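Accompanying notes for the structure given below.
Source: prediction; values computed, not measured.
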Amino acid sequence: QVQLVESGGGLVQAGGSLRLSCAASGGTFSNHVMGWFRQAPGKEREFVSTISRSGGSTLYADSVKGRFAISRDNAKNTVYLQLNSLNPEDTAVYYCAAARLKIRTSRPDEYAYWGQGTQVTVSP
């Protein structure tokens, strides 16, 4: 059973940056593909980014490509999401998720473990 705890959310002005962290425990972190998803008020949860078990392969949603960067530190059991050039449309609760798969995936139904989420609010 993997437990995930996100941190690093907050209120930032448009154009600003944040770094989200997700600490994992209770499992072998390096055996899990990690992903970030977000959910804005009144909208469905959407894929943001995913990273392979080794960290050598990443994938991004078109809406964040070039602005966000995912990374992981398997020695620290932590995955990160660097958010740059934020705009109000990025306002959402951001969730990290873990999947015991060999290949990274953008499908939320393939992730078995989820954190509680961290709020990111971008003001105009």
The criterion is side-chain hydrogen bond (donor to acceptor under 3.5 Å, both in side chains); which residues satisfy it with [X], sequence neighbours excluded?
X      : result
Arg53  : none
Arg100 : none
Thr105 : Glu110

same_hphob_cluster(Val64, Val12) at 4.5 Å side-chain heavy-atom cutoff: yes
Pairwise disulfide (SG to SG under 2.5 Å) hits with a residue in residues 34-102, at least two apart: Cys22-Cys96
Heavy-atom check, side chain of Ile51 versus side chain of Val33, under 4.5 Å: no
Beyond-backbone contact of Met34 with Leu4, side-chain heavy atoms, under 4.5 angstrom: yes
Residues clustered with Leu11, ILVMFWY side-chain links under 4.5 angstrom: none
Co-members of Ile103 in a cluster of I, L, V, M, F, W and Y side chains, linked at under 4.5 Å: none
How far apart are the closest heavy atoms of [X] and [Y], and which atoms are they?
X     : Y     : answer
Asn74 : Asn77 : O-OD1, 3.2 Å
Ala92 : Ala40 : CB-N, 3.8 Å
Ala14 : Pro88 : CB-CD, 4.2 Å
Ser17 : Ser85 : OG-N, 4.3 Å
Asn87 : Arg67 : ND2-NH1, 3.5 Å
Val48 : Tyr94 : CG2-CE2, 4.4 Å

Taking only residues two or more places apart in sequence, or in another chain, which ones meet [X] in a salt bridge (Lys or Arg N to Asp or Glu O under 4.0 Å)?
X     : value
Lys65 : Asp62
Arg19 : none
Arg72 : none

Can a donor-acceptor pair be found, under 3.5 Å and without considering hydrogens, that links the side chain of [X] to the backbone of [Y]?
X      : Y     : result
Thr121 : Thr91 : no
Thr118 : Gly9  : yes
Tyr60  : Ile70 : yes
Ser49  : Leu59 : yes

Euclidean distance, Ser57 OG relative to Arg104 CZ, rounded to 0.5 Å: 3.5 Å
Distance in Å, Leu20 CG paired with Phe68 CZ, rounded so as to fall on 0.5 Å steps: 8.0 Å
Pair listing, ring-ring contact (aromatic ring centres under 6.0 Å, His included) test, anchored in residues 13-40, at least two apart: Phe37-Phe47, Phe37-Tyr111, Phe37-Trp114
For Tyr95, ring-ring contact (aromatic ring centres under 6.0 Å, His included) partners two or more places apart: none
Stepwise side-chain contact (heavy atoms from CB on, under 4.5 Å) check, Gln1 with Tyr113: CA-CA 8 Å; Gln1 190 77 4; Tyr113 307 104; 3.9 Å; yes
Residue pairs involving residues 37-52 (criterion salt bridge (Lys or Arg N to Asp or Glu O under 4.0 Å); sequence neighbours excluded): Arg38-Glu46, Arg38-Asp90
Side-chain donor-acceptor contact under 3.5 Å, Thr78 with Asp73: no
Steps toward side-chain contact (heavy atoms from CB on, under 4.5 Å) verdict (Leu83, Leu81): CA-CA 6 Å; Leu83 288 64; Leu81 187 68; 3.5 Å; yes
